[in-house]
2 protein chains.
Amino acid sequence: MAHGMDPHRLLVFREIAHAGSIAGAARALGWTQPAVSQHLRLLERRAGTALVLRRPRGVQLTEAGRILLDHAEAVATRLSAAADDLDALTHLREGTVRLAAFPSASATIVPAAMSLLGERHPGVDVRLREAEPPEAVGLLAAGEADLAVTFAHGGREPQEPPGREEHPGLVRTPVGEDPVLLVLPRSHPQAGPADRPVDLRSLAAERWIAGCERCTASLRQACRNAGFVPDVRHGTDDYVVTQALIARGLGIGLLPRLALDAFTAPGVAVRTVPGLPPRTLFLVHPREADRIPAVRAAVQALRDTLVSAPDAS
Amino acid sequence: MAHGMDPHRLLVFREIAHAGSIAGAARALGWTQPAVSQHLRLLERRAGTALVLRRPRGVQLTEAGRILLDHAEAVATRLSAAADDLDALTHLREGTVRLAAFPSASATIVPAAMSLLGERHPGVDVRLREAEPPEAVGLLAAGEADLAVTFAHGGREPQEPPGREEHPGLVRTPVGEDPVLLVLPRSHPQAGPADRPVDLRSLAAERWIAGCERCTASLRQACRNAGFVPDVRHGTDDYVVTQALIARGLGIGLLPRLALDAFTAPGVAVRTVPGLPPRTLFLVHPREADRIPAVRAAVQALRDTLVSAPDAS
DNA sequence: GGTGAGACCCAAGAAATACTTATGGCATGG
DNA sequence: CCATGCCATAAGTATTTCTTGGGTCTCACC
């Protein structure tokens, strides 16, 4: 009862109606005449009524045929529209990418990449949602984002046994490194010439301002390697807040270059620290998402932006 | 490009979207899982983009998938509507019959049959068009009528060689006979008792009023058989006009019983004439029109009306 | 932490459908 | 009156479609 109508036959019937004859429809389809004739016969048998009257010069639609043709046209229109829509998506005339990125990337490389993508494919729409890496991965897992820009400190997750992904089905590819820099008050005694590296061991007695959970872990690890335990006094994810505290002499801290590219407070000095491992930048997306043209294009734009950026390794 | 989208696959995709998984769609369709999987694979290959993301618990639609689902729903709705419409036509809840009939039938048996059909199938709509037999057949041949009620004088066409139909593709089935009666002025000397037949030979000296071309031919033939040539003074197709002339004594004439059933003028007398051949009533329709349920029902209603009518042979 | 269940894929064979070839009827038109 | 065009049927072939029988991966449950 419900959609027992064979849509393929319906389209063949439409050809018959357009051509005005069975033989004409066969020519239009590149088939032989009996092929079309059989389709019509089966369609009429299922319909329970004649759809056409066989006339000497071709066929003439019955009332049932006229009604069926109406539906056939609607179906053909929809199929055509579906093909057009898919074509627009695959050729990037349309498409939406829901992108999740952490704040310092959202303020630097992401806008640059979005701009690049917009030049290449004006129809593709990127919707950015700011999220720290764990939340971003959660959005991907929940299907609420298509692509995420994340980072991790150290070349590899320290606590994760390799082979066991935190979220299965997601692929994470490194796309660059973001050096971690020392941020001091401008008046700090160690704030010598800008191009002079600072030894971490000389900062064992400082008060520290820590960032997010994983950044703090990275800081503690670096200090352990340098032979001391940092005196962490304040904690904030926000690199503007961090620098405000530092500028007032309330401590010193480590910030990645992306954060400093986004914003550097006038009252702070930035120095390199030899041996301090950079954080790695990743693109994360569901395993099959690179089969989505818009996502693939967004990935490419992000990679191209990172390659041309000075901080890419 | 245009409707390269396989509608069958589109419906399978719709099942996947509804079930939320490929295996679920397979269960809903009564298929195995790989069957559905292959449909999806081919659909995605043609689309050029992923339509779903394979997740552990099933699949999730991509943007392209959501758009395609929208079209799939529209197609499914149309197919269902098409099936419903055809079902209504085959079960005579709907339908239209364009009926052509000559005037005296249109005034008698046709309204009765339409009434009967209306009782049996209230949804079926009959559109009557009054037409003399030759015109009615022309309407059928032109596809402007579905069914015609016609008549012919004599058991067979006198001038037609048998086997050569006047309009190929039309079938003509006799459904009854309509006696031809003598109509006289009430004051006419031959207007004796109503049940007394009148011999045609006694009317050789009368003035005659003839009807249509074929009716006139029939009159001349009958008179020839009776041994005289009628003195035809007036001619009209209209049985009301004919009777008005007769009532005023301007002549006498022959009229079929259906015409007199429709209307008998007060000033005329009606008598039987032995040996006068009746006219035959026919139903005519395109050869395959009996495969149209509404036409078949209309034919049946007309036959049933004629069987129950007193003048049916 | 194995282990079973559920969801997916691939490859190859079986079943069903779709199309072609071959032939004949019927109506039209030079 | 024969040639042409349109349609139907029947049987054979070919292609599509579905199943069978492998395998991987993740999750949930002992």
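Numbers restart at 1 for each chain; the letters A, B, ... are given by sequence-line order, proteins then strands.
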Starting at CG of A:L51 and ending at P of D:dA8, how long is that distance when rounded to a whole Å?
12 Å
Sequence neighbours excluded, the answer for ring-ring contact (aromatic ring centres under 6.0 Å, His included) partners of A:H71 is none
Of the residues in residues 29-42 of chain A, which ones touch DNA chain D at a heavy-atom distance under 4.0 Å?
A:Q33, A:P34, A:S37, A:R41
For A:Q300 and A:R303, does a side-chain donor sit closer than 3.5 Å to a side-chain acceptor?
no
Starting at atom CZ of B:R9, determine the distance to atom P of C:dT17, rounded to an integer number of angstrom.
16 Å
For B:A74, check side-chain contact (heavy atoms from CB on, under 4.5 Å) against everything at least two apart and list the hits.
A:R78
Rounded to whole Å, the CD-P distance (A:E15 to C:dA18) equals 17 Å
Could you list all N or O pairs between the protein and nucleotides 28-30 of chain D that sit under 3.5 Å apart?
{"unit_1": "D:dA28", "atom_1": "OP1", "unit_2": "B:R57", "atom_2": "NH2", "d": "3.2"}

How close or far is atom P of C:dA27 from atom CG of B:L170, stated in whole angstroms?
10 Å
Just to be sure I understand the geometry, which residues of residues 58-67 of chain B put a non-hydrogen atom under 4.0 Å away from DNA chain D?
none
Looking only at side-chain N and O atoms, does B:R55 come under 4.0 Å of OP1 or OP2 in D:dC27?
no
From C:dT28, D:dC7, D:dC6, pick the nucleotide closest to the side chain of A:R27?
D:dC6
B:H39 versus B:R9, side-chain donor and acceptor atoms under 3.5 Å:
yes
Basic-acidic side-chain contact under 4.0 Å: B:R93, B:D87:
yes
Taken to the nearest whole Å, CG/B:L11 to P/D:dT17 is 13 Å
Does atom CZ (A:R291) have a neighbourhood of more than 12 heavy atoms from anything else shown, all under 6.0 Å?
yes
Once rounded to the nearest 0.5 Å, what's the spacing between atom CE of A:M5 and atom CG of A:L68?
5.5 Å
Taking the six-membered ring for Trp and the single ring otherwise, decide whether the centroids of B:F282 and B:F151 are under 6.0 Å apart.
no
Measure from CG on B:L43 to C1' on C:dC9 and round the result to the nearest Å.
17 Å
Which value, rounded to the nearest 0.5 Å, describes the distance between B:R46 atom CZ and B:D6 atom CG?
8.5 Å
Would you say B:R54 places a side-chain N or O within less than 4.0 Å of OP1 or OP2 belonging to C:dC9?
yes
By the salt bridge (charged side-chain N to carboxylate O under 4.0 Å, His left out) test, which pairs, at least two apart or in different chains, include something from residues 48-76 of chain A?
A:R14-A:E73, A:E44-A:R54, A:R54-B:E288
Under a 4.0 Å N-O cut-off, is there an ion pair linking B:R296 with B:D290?
no
Nearest whole angstrom, please: distance from the P of C:dA16 to the CG of A:D6.
17 Å
Round to a whole Å and report the spacing from CZ of A:R45 to P of C:dT17.
11 Å
